[in-house]
Number of protein chains: 2
Amino acid sequence: MKKDFLMIAGPMPLHPEVLASLSQPIISHRSKDFSEIFLQTVELAKKVFKTNNQIFILPCSGSGGLEAVISNLMSPGDKVLVCVNGFFGERFKSIMLAYSIKPIILEKGWGEPINTDDVISILKKDPEIKSVFIVHNESSTGVISNIKEISKEIKKLDSNILVIIDAVSSLGGTDIQTDEWSLDVVVAASQKALMAPPGLCLISISDTAWKRINSSKSPRWYFDLRLIKEEGSRGMTLVTPSIPIIIALRKALQILLEEGLDNVFNRNLLIRNMIIEAIELMDLKLLGNRRYASPTVTTVKLPPNINPEVLIDYIANEYSVIFAPGLGRIANETFRIGHMGYIFPNDVIVAISALEKSIKHFRNVTK
Amino acid sequence: MKKDFLMIAGPMPLHPEVLASLSQPIISHRSKDFSEIFLQTVELAKKVFKTNNQIFILPCSGSGGLEAVISNLMSPGDKVLVCVNGFFGERFKSIMLAYSIKPIILEKGWGEPINTDDVISILKKDPEIKSVFIVHNESSTGVISNIKEISKEIKKLDSNILVIIDAVSSLGGTDIQTDEWSLDVVVAASQKALMAPPGLCLISISDTAWKRINSSKSPRWYFDLRLIKEEGSRGMTLVTPSIPIIIALRKALQILLEEGLDNVFNRNLLIRNMIIEAIELMDLKLLGNRRYASPTVTTVKLPPNINPEVLIDYIANEYSVIFAPGLGRIANETFRIGHMGYIFPNDVIVAISALEKSIKHFRNVTK
């Protein structure tokens, strides 16, 4: 028997009612019962996205959703500005390259946010750019960018430029006002701050973005939003969906909305602040500037004499607290603490205690 | 409170232990525990596929798997023979067209099997054809084709022609000897005879098929088997997998193999025969010839005075037995009974009883 404290950057632990909801008998995905559940889930999601736009729930991971955005909205030759300040910006770029679309890259340091002036200056220089892609909350670096401000300035320049947001690790964990901030496309995933199991991706699409869909020349069927929309309009899915995961997502969204989104967001901020203060007391550093610290994931920079992989294995084995490894080019100097969804201050007490004892251990070992 | 008997052509009801396995706490998909579960699941799947080929477990539905086959193995201009004898043959064709690949079509009547001589005669006429796609078990028509014989003759003609099988509604429900029958690509899905929840697709790929993967010019990232293979070799997945569904699939495969595949196959045949005899006693007809009747799905043709949609709604409401509607061009004259996975003769007694009373009702009503 063991009892793990899962504090990775998703999937997150499940609320007991969400966990229990997974074990309902399977129903037909062509039944009225399922259709009702599916439509309810979409309506609940709209409240979290704060949108009246169409919302799609796709049977894939968050990265699958990013690919759906690319294959439905972009064609080779399109001018798309892709802002890269971490692993998931790089991933969007990789998927675009797989589709023979050559992005224009705004490259920032890993640990820095995306800056409004940088974006606007590129758009002013090249008025042919039709879309801007930004990761809202880079879960590799634990840095959040000011999407509200960036989007406002982009739309001021040209309201036809699509603002496309990877909100995989932020939606449900911090405020995103899709309509109010004129976000054309917002991609989220079930297993992060939405505190459902992995397996589903959620995408909101504005009318402006929808107009692009028919002109895309990229091949797609599984991710074809036109086909998915057609089925969705009668509460149906294009392919057999993962019924238990949809039922669990509905339950998770209900629980989030019952707590009240602002309460959830404040709880996440409180937890983030607890963690930041604790790690600073341990003489460890955040990777990024505290001003841009993510409300849902904290990326900690380790001194050169402590190996992140060894550290997180040690913490898992000794204290049953599971932290996430670093990603990409900063993997050998960072590790990550996920703090969203069904995570409360008491869980953080456990996590901090484990981290503190382990850091002490390694400092003594390497003295 | 209600208690439904789900007898659709997938998803199928879950064994209580599979259902319970869904409610295990979420673990990290980058942990050794998960890696072990994932590798075990692949090994169990190999026993059901009867193969030593590489097996991929993808986070998508069966149709997603068909798209993965197309995008990884085919390019525009390739000569691919696609055998169409029902809805799912049509679907493969639709996905190919979405990828600008123009298939050569062998069209058979809906209700007929794919015939070896037809396939071989086309291949002899056009030696440039590099791949043949066949739906093993057309779940729209309830007809199974003799893949063993077809594959043997194809390979006798040219061992480099890829034999690609949609086994979504047959794998785990009837014998498929991937290696013995030289099947290069076999696509299955979790929610059919494998009796797990929906959400995962399983694909086996032969070495001969693998050689094609680098030359495909179709774009893909989420479904890129090269990236997935790289991660899979260390028990990892390219993207966050649906952890509960993988745990449930492992449990379902364990239960299937414990019963013994031959026992499962025989149980399905017994059930199929019970159903066929019952419907013939009711003066109803199979859509296809009994000789090619699927061991996992029975498609029943209704007399013109009984509307299938009205009938299955009535049976669901009056008797809590859920049958599947017909698909595609035969939707207005057929309905379907799924009988695979965790379905036993006693369930069929209930289903037959409900069907018999309902057919009697509609015959009296329309007299």
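Chain A is the first sequence line, chain B the second, and so forth, proteins listed ahead of strands; every chain is numbered from 1. Only this structure's heavy atoms are used, side chains among them; waters, hydrogens and symmetry mates stay out.
For B:I243, the parts lying near chain A are the backbone and the side chain together; criterion is any non-hydrogen pair under 4.5 Å. Heavy-atom distances place both the backbone and the side chain of A:L19 under 4.5 Å from chain B. Contacts between B:P244 and chain A at a heavy-atom distance below 4.5 Å involve the side chain alone, from C-beta outward. Heavy-atom distances place the side chain of B:I245, and not its backbone, under 4.5 Å from chain A. A:D224 does not touch chain B: none of its heavy atoms, backbone or side chain, sits under 4.5 Å away. B:P16 does not touch chain A: none of its heavy atoms, backbone or side chain, sits under 4.5 Å away.
Around atom CD of B:E231, more than 12 heavy atoms belonging to other residues, nucleotides or ligands sit under 6.0 Å away.
Heavy atoms only, all atoms of each residue included: B:A20 and A:S23 are closest at CA-OG, 4.3 Å.
Along residues 63-77 of chain B, the residues that come nearer than 4.5 angstrom to chain A, judged on non-hydrogen atoms, are B:S63, B:G64, B:E67 in order of number. Using a 4.5 Å heavy-atom cut-off against chain B, the contacting residues of residues 95-102 of chain A are A:I95, A:A98, A:Y99. Among residues 24-36 of chain B, the residues having any heavy atom closer than 4.5 Å to a heavy atom of chain A are, in sequence order, B:Q24, B:P25, B:I26, B:I27, B:S28, B:H29, B:K32, B:D33. Annotation: residues 318-328 of chain B contacts chain A through B:I322 [non-hydrogen atoms, separation under 4.5 Å].
Per-residue counts of heavy-atom pairs under 4.5 Å with chain A were compared for B:G199, B:P197, B:P11, B:P59; the largest is that of B:P11. For chain B, the option among A:L22, A:L14, A:I8 with the highest count of heavy-atom pairs below 4.5 Å is A:L22.
Ring centroid separation for the pair A:Y222 and B:Y222 does not come in under the 6.0 Å cut-off.
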